[in-house]
Amino acid sequence: MADPFQDVSAAGAAFIEAFTTQLEVRAAEPAMRAIVEAYLDDIDWSAVSLAVELGCGTGPIARAMAARCVAGRVLGTEPSVELLDHGRGLADGIGNLDLQVGDGSAVDLADGAADVVVFHTVLSHVPDPMVLLAEARRILRPGGTLVVCDGDFSKSSLASADNDPLNICARHFAENYVTDPHLTGRLGGLVKDAGFTQRAFRVTIRLVTDTPGMRAWVKLSGDDLVTGGNIGRPMADALLDEHDRRVEAGTLYGFQPFVTLVAERV
Ligand SMILES: C[S@@+](CC[C@H](N)C(=O)[O-])C[C@H]1O[C@@H](n2cnc3c(N)ncnc32)[C@H](O)[C@@H]1O
């Protein structure tokens, strides 16, 4: 099946509802906040007039950028009207943040208009990341900053033991809800080929033990396996119950490496 994040609006109400919540839950995790704050710390915000997040979803990263960008403004663009509508409610009252519907391959900005462009878990969900990197380069001024932060889904896991049944859901999610689970392994080369000079590359573990940050992986995977005739509904329900039991006990071991690459537009 095609990665539903390639066209969220076409993915159906259940998927949209799940990720309207899930993106906000993930952004609020202490581990994810630390990952985001670390790359926001890499930017000299006093020199930023315009920072852009492409593929902003409901906008948690764009809002964090706006809190830093006190001397300038932030633009978040997102192809899904549904995610963006929800994001507009959450951004209410943030005067230096604009949210616009749009694809990251054709941004409504002049060449060199932006000082900063951020992709947060977007490039692993597109068929050709070079198209979006080329557009980021076009809208960035020379010397401007590119940040790409993405999960290494090829190594994400829900396993706490050999043959842990919950891990089927992590594997299923990586195979069906991500376009390129190995994107982060190729990222350095892609960014270089797109015309950027790498300034930082770090890997940080997102560890989920007691929050529902990976619940959608289990819910959607269980539902898919039922639909595909692989398992019956009682087993899908049991997988979700087991996930929730571990979260309640603080014993879930949801493991996902996250790569952050910071680069300068040549
Ligand atoms: C996993 S979500 C991440 C959303 C947000 N950046 C965050 O971290 O909360 C992936 C996002 O990429 C968006 N997306 C998919 N294809 C895109 C494209 N061609 N241009 C811009 N965004 C795209 C999806 O609509 C979705 O909102």
Side-chain angles (χ1 to χ4, degrees), residues 2-12 15-29 31-40 51-66 74-88 90-91 97 99-109 114 116-139 146-153 156 173-174 176-181 183-184 190 194 204 206 213-217 220 256 258-261:
D3 172 3
F5 284 105
Q6 286 183 12
D7 187 353
V8 170
S9 296
F15 179 83
I16 293 169
E17 190 184 335
F19 277 91
T20 299
T21 306
Q22 202 70 38
L23 292 173
E24 293 294 324
V25 168
R26 182 180 70 174
E29 289 170 5
M32 185 53 70
R33 290 174 65 129
I35 289 168
V36 173
E37 292 301 321
Y39 68 67
L40 297 183
V52 181
E53 189 199 0
L54 300 178
C56 67
T58 55
I61 311 303
R63 297 198 301 276
M65 291 163 67
V74 173
L75 171 66
T77 77
E78 163 59 41
S80 161
V81 177
E82 296 84 356
L83 293 183
L84 204 71
D85 274 352
H86 188 77
R88 285 198 172 108
L90 297 171
L97 174 60
L99 297 176
Q100 285 177 7
V101 175
D103 196 281
S105 61
V107 184
D108 187 17
L109 284 175
V116 174
V117 172
V118 173
F119 290 109
H120 191 96
T121 59
V122 171
L123 296 187
S124 61
H125 292 291
V126 299
D128 186 352
M130 285 304 276
V131 173
L132 268 63
L133 286 170
E135 183 66 350
R137 188 176 188 279
R138 182 190 71 77
I139 64 171
L146 171 75
V147 177
V148 182
C149 184
D150 221 310
D152 181 349
F153 288 90
S156 58
F173 191 84
N176 295 279
Y177 289 81
V178 181
T179 304
D180 183 359
L183 182 273
T184 54
L190 293 173
T204 314
R206 172 193 179 208
M214 293 172 178
R215 195 174 197 275
W217 295 13
L220 294 169
Q256 187 178 29
F258 255 78
V259 164
T260 301
L261 188 155

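In listed order, ligands and their atoms are each counted from 1. In what follows, residues are counted from 1 in the order of the sequence shown.
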Considering all heavy atoms, the nearest L97-A91 contact:
CD2-CB, 3.8 Å
Is a donor from one side chain sitting under 3.5 angstrom from an acceptor on the other, for T20 and E82?
no
Whether R26 lies under 4.0 Å from ligand 1, heavy atom
yes
Please state which protein non-hydrogen atom is closest to atom 26 (C) of ligand 1 and give its distance, to 0.1 Å?
E78 OE1, 3.7 Å
With the threshold set at 4.0 Å, does a side-chain nitrogen-carboxylate oxygen contact exist between E24 and R63?
yes
Nearest protein heavy atom to atom 16 (N) of ligand 1, by residue and atom, and its distance?
V126 CG1, 3.6 Å
So is S105 polar-close to ligand 1, meaning N/O to N/O under 3.5 Å?
no
Nearest-neighbour protein heavy atom for atom 15 (C) of ligand 1, which is reported as residue plus atom name and distance
F5 O, 3.1 Å
What atoms of ligand 1 come closer than 4.0 angstrom to any heavy atom of T121?
1 (C), 2 (S), 3 (C), 8 (O), 10 (C)
What distance do S9 atom OG and I16 atom CD1 have between them, rounded to the nearest 0.5 Å?
5.5 Å
Donor-acceptor contact present, side-chain H125 to main-chain D7, <3.5 Å:
no
Considering non-hydrogen atoms of the protein only, which is the closest contact for atom 20 (N) of ligand 1, and what is the distance?
G104 N, 2.9 Å
For L54, is the nearest heavy atom under 4.0 Å from an atom of ligand 1?
no
H125, portion touching ligand 1 at heavy-atom distance under 4.0 Å:
side chain
Is the contact between L132 and ligand 1 made by the side chain, the backbone, both, or neither, using heavy atoms and a 4.0 Å cut-off?
side chain
Donor-acceptor contact present, side-chain Q6 to main-chain T179, <3.5 Å:
no
May I ask you to list the atoms of ligand 1 that are less than 4.0 angstrom from any heavy atom of L83?
27 (O)
Please work out whether the ring planes of F153 and F173 are parallel, tilted or perpendicular, with thresholds of 30° and 60°.
tilted
What heavy-atom pair brings D150 and L123 nearest, and what distance separates the two atoms?
OD2-N, 3.4 Å
So between G87, P60, P79, whose heavy atom ends up nearest atom 17 (C) of ligand 1?
P79
Flag the pair E29 and R26 as a salt bridge only when some basic side-chain nitrogen lies within less than 4.0 angstrom of an acidic carboxylate oxygen.
no
Hey, does G55 come in under 3.5 Å of ligand 1, counting only N/O atoms on both sides?
yes
Nearest-contact summary for atom 12 (O) of ligand 1 - protein heavy atom, Å:
V122 CG2, 3.7 Å
